Amino acid sequence: ITLYQALPKGDKLVFIVQKAVELGADCIVPVACQRSVVRLAGEKAAAKQQRWQKIADAAAKQCGRTKLVQVAPVQSLADALASLPADCRVIMPWEEADGKQVGSSLRQALAGGGRPACAALVIGPEGGLTEEEARLAEEIRKIMLVIPNIIDPSVPIGPDDSANVEVERFGEPATPAFEIPYHTEIMERFNGVDMDAAGRVSGNGFYYLMGNVARLHEAVLAYARDFMINKGFTFCIPPFMIHGNVVEGVMSQTDMEAMMYKIEGEDLYLIGTSEHSMIGKFIDQIIPESSLPQTLTSYSPCFRKEKGSHGIEERGVYRIHQFEKQEMIVVCRPEDSMDWYEKMWRYSVELFRSLDIPVRQLECCSGDLADLKVKSCDIEAWSPRQQKYFEVCSCSNLGDAQARRLKMRVKGEKGTYLPHTLNNTVVAPPRMLIAFLENNLQADGSVVIPKVLQPYMGGLEVMAPKK
């Protein structure tokens, strides 16, 4: 059994020696890596031999072996081969660049020494230990993916969204003296929506927005974009399709099955929110600590199956398969994440209040948290028609869950660590247009455009109904 100095330390080395003993090894021969500057010599060689011998003895005992497993250090491949019986199998751990080079040298030396090719069992891409290790690593990964995150101690405990807690209200809810129609009826007064045509073209859960309602939709998105840029966020238009490993890294399996549309025959999914592709931007990356926090705001269309208890709304644009959204995400140091959480949900409140829409913050209880979330709250807008609040934004701190699954790391002065990730909706029309239209509707059927939106509507102050 030939082991190389380039092998990693700790549990992985123990595992390799144990595997060698299980395979029936009588002698374990550590060989100095040919590319290594440090050779096994003198006291260092003796110390390493003692360490491996101790591991080998423990492995032999665990396997019920009575025959001694000898550890014999040597200096070169030639010495290693000379020390082995002619019929001995050579088992070589494969370890990245160094191991790959030495592995090639070993196979050449075996062939040059007259050993039959079948005498060499290479542990690596061709099978053996690395294959076994990969199988076990995959099992561990699958287990990890279904373990929920640890919630913050401040999260209220409850079974479902009925136990969510109102924290604070912003703006006085209005109750006009006139009747407020259903939101699609308001839109139809402006010739602004065609649900029937969308049903014929795409089925339930889709819509055509037209005229000033479509223009209002885009005005809200443009205003939200500039609002976040003015808060110091970098504007981003991300990919609208992402690979499966990114999906797996940013959300739980349950959420994935309920939300995501997969492209047939390809490893691509339509995004349910641009948070997915913006956080995915950092997959397998080492981020310099000096570049934190990463603050991004993005525009994207979003596509959702909306399976589950909510489902698709039979009429209207509240819960649909396709919508557009301005999103914000933050990647930061763990100690800064709760401060960012507070800032982010307050940005949503500030934006909606600038549009004359009363809102409240609703703290999500433990039973209403998705698996990866540490803490989350909804910003809900007031509906004068329904005389209640409904969700328009969702702000979440996911701790290091996404970073761990996506193998995101930060390199700082004290070493490498996992960052925290957060996300929040800025605005998501057309749903937010429901709150906008209801709260800015006048008795004559017109809709007042708040001052902050007027530049994005070509200076229009009031939308007058067509009929």
Side-chain angles (χ1 to χ4, degrees), residues 145-146 148-149 161 198 202-207 217 220-221 224-225 228 236-264 266-283 296-313 316-331 344 348 364 368-373 376-379 390-398 401-403 405-406 408 421-433:
L145 290 177
V146 297
N149 207 340
D161 60 4
S202 304
N204 196 28
F206 297 91
Y207 54 88
H217 178 281
V220 166
L221 286 169
R225 174 200 66 208
M228 292 309 301
C236 171
I237 298 179
F240 302 154
M241 291 184 281
I242 54 178
H243 288 313
N245 64 330
V246 177
V247 178
E248 193 176 67
V250 297
M251 65 196 310
S252 68
Q253 184 68 31
T254 302
D255 290 340
M256 179 178 174
E257 292 173 355
M259 179 188 296
M260 304 298 286
Y261 285 105
K262 189 178 188 308
I263 307 299
E264 186 175 356
E266 297 189 51
D267 179 27
L268 286 172
Y269 292 78
L270 293 173
I271 60 172
T273 166
S274 59
E275 166 216 337
H276 298 158
S277 47
M278 285 203 295
I279 295 294
K281 178 178 186 287
F282 302 98
I283 186 171
L296 300 175
T297 183
S298 63
Y299 159 80
S300 77
C302 305
F303 307 92
R304 299 187 181 184
K305 291 179 182 177
E306 292 290 6
K307 288 185 177 180
S309 59
H310 295 296
I312 289 296
E313 192 179 21
V317 296
Y318 180 77
R319 197 177 299 279
I320 44 188
H321 289 306
Q322 171 193 318
F323 59 95
E324 295 175 58
K325 183 163 69 157
Q326 189 73 28
E327 180 80 357
M328 63 176 103
I329 67 105
V330 170
V331 180
M344 291 167 75
S348 295
C364 296
D368 195 31
L369 285 182
D371 284 352
L372 302 190
K373 296 181 179 181
S376 184
C377 69
D378 293 338
I379 301 303
F390 66 90
E391 180 195 335
V392 287
C393 300
S394 179
C395 182
S396 301
N397 184 340
L398 293 99
Q402 291 178 326
R405 293 156 79 107
L406 291 170
M408 298 164 51
T421 61
L422 304 93
N423 66 80
N424 185 26
T425 314
V426 187
V427 287
R431 178 188 290 193
M432 71 81 55
L433 293 185

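Computed from a predicted structure; not experimentally measured.
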For this session: Check the angle between the aromatic planes of F240 and Y299 and answer parallel, tilted or perpendicular using the 30° and 60° thresholds.
Result: perpendicular
Exercise. Just by distance, with hydrogens left out, do T273 and K325 show a side-chain donor and acceptor under 3.5 Å apart?
Worked result: yes
Exercise. Does some side-chain heavy atom of R431 sit less than 4.5 Å from a side-chain heavy atom of F390?
Worked result: yes
Exercise. Residues two or more places apart in sequence or in another chain: which of them pass side-chain hydrogen bond (donor to acceptor under 3.5 Å, both in side chains) with E248?
Worked result: R141
Exercise. Which value, rounded to the nearest 0.5 Å, describes the distance between N423 atom CG and L296 atom CG?
Worked result: 12.0 Å
Exercise. Atom OH of Y261 and atom CD of Q322: how far apart are they, to the nearest 0.5 Å?
Worked result: 9.5 Å
Exercise. Does the K305 side chain pair with the main chain of M260, one donor and one acceptor, at a distance under 3.5 Å?
Worked result: yes
For this session: Using a 4.5 Å cut-off on heavy atoms from C-beta on, say whether the side chain of I271 contacts that of I242.
Result: yes
Exercise. How long is the gap from CD on Q326 to OG1 on T425, to the nearest 0.5 Å?
Worked result: 11.0 Å
For this session: Answer yes or no: is there a side-chain heavy-atom contact under 4.5 Å between L406 and I279?
Result: yes
Seminar exercise, completed: Paired with D378, the side chain to side chain contact (heavy atoms under 4.5 Å, CB included) test is passed by just one of S348, C364, C393, namely C364
Problem set entry | Spacing of I237 atom CD1 and M278 atom CE [to the nearest 0.5 Å] | 11.5 Å
Problem set entry | Residues in side-chain hydrogen bond (donor to acceptor under 3.5 Å, both in side chains) contact with D255, at least two apart in sequence or another chain | S252
Exercise. Roughly how far apart are H243 NE2 and I283 CD1, rounded to 0.5 Å?
Worked result: 9.0 Å
Seminar exercise, completed: Scanning both residues in full, the closest heavy-atom pair of P429 with L433 reads CB-CG, 4.2 Å
Problem set entry | Test side-chain contact (heavy atoms from CB on, under 4.5 Å) applied to V246 and S277, step by step | CA-CA 8 Å; V246 177; S277 47; over 6 Å; no
Exercise. Just checking, any donor-acceptor pair under 3.5 angstrom between side chains of S274 and E327?
Worked result: no
Exercise. Taking the side chain from D267 and the backbone from G244, do they hold a donor-acceptor pair closer than 3.5 Å?
Worked result: yes
For this session: Take C395 and L422 through the test side-chain contact (heavy atoms from CB on, under 4.5 Å) and record every step on the way to the result.
Result: CA-CA 8 Å; C395 182; L422 304 93; 5.9 Å; no
Exercise. Would H276 and Y269 count as having a side-chain donor-acceptor pair, cut-off 3.5 Å?
Worked result: no
For this session: Provide the closest heavy-atom pair for L369 versus S376 in the form atom of the first, atom of the second, distance.
Result: CD2-CB, 3.4 Å
Exercise. Is there a donor-acceptor pair closer than 3.5 Å between any side-chain N or O of N149 and the backbone N or O of L372?
Worked result: yes
For this session: List the atom of M344, the atom of N424, and the distance in Å for their closest heavy-atom pair.
Result: O-ND2, 2.9 Å
Exercise. By side-chain contact (heavy atoms from CB on, under 4.5 Å), which residues pair with E264, not counting sequence neighbours?
Worked result: none
For this session: Could you walk me through whether K373 and S394 pass side-chain contact (heavy atoms from CB on, under 4.5 Å), step by step?
Result: CA-CA 12 Å; K373 296 181 179 181; S394 179; 3.9 Å; yes
Problem set entry | Straight-line distance of S202 OG to H321 NE2, nearest 0.5 Å | 10.0 Å
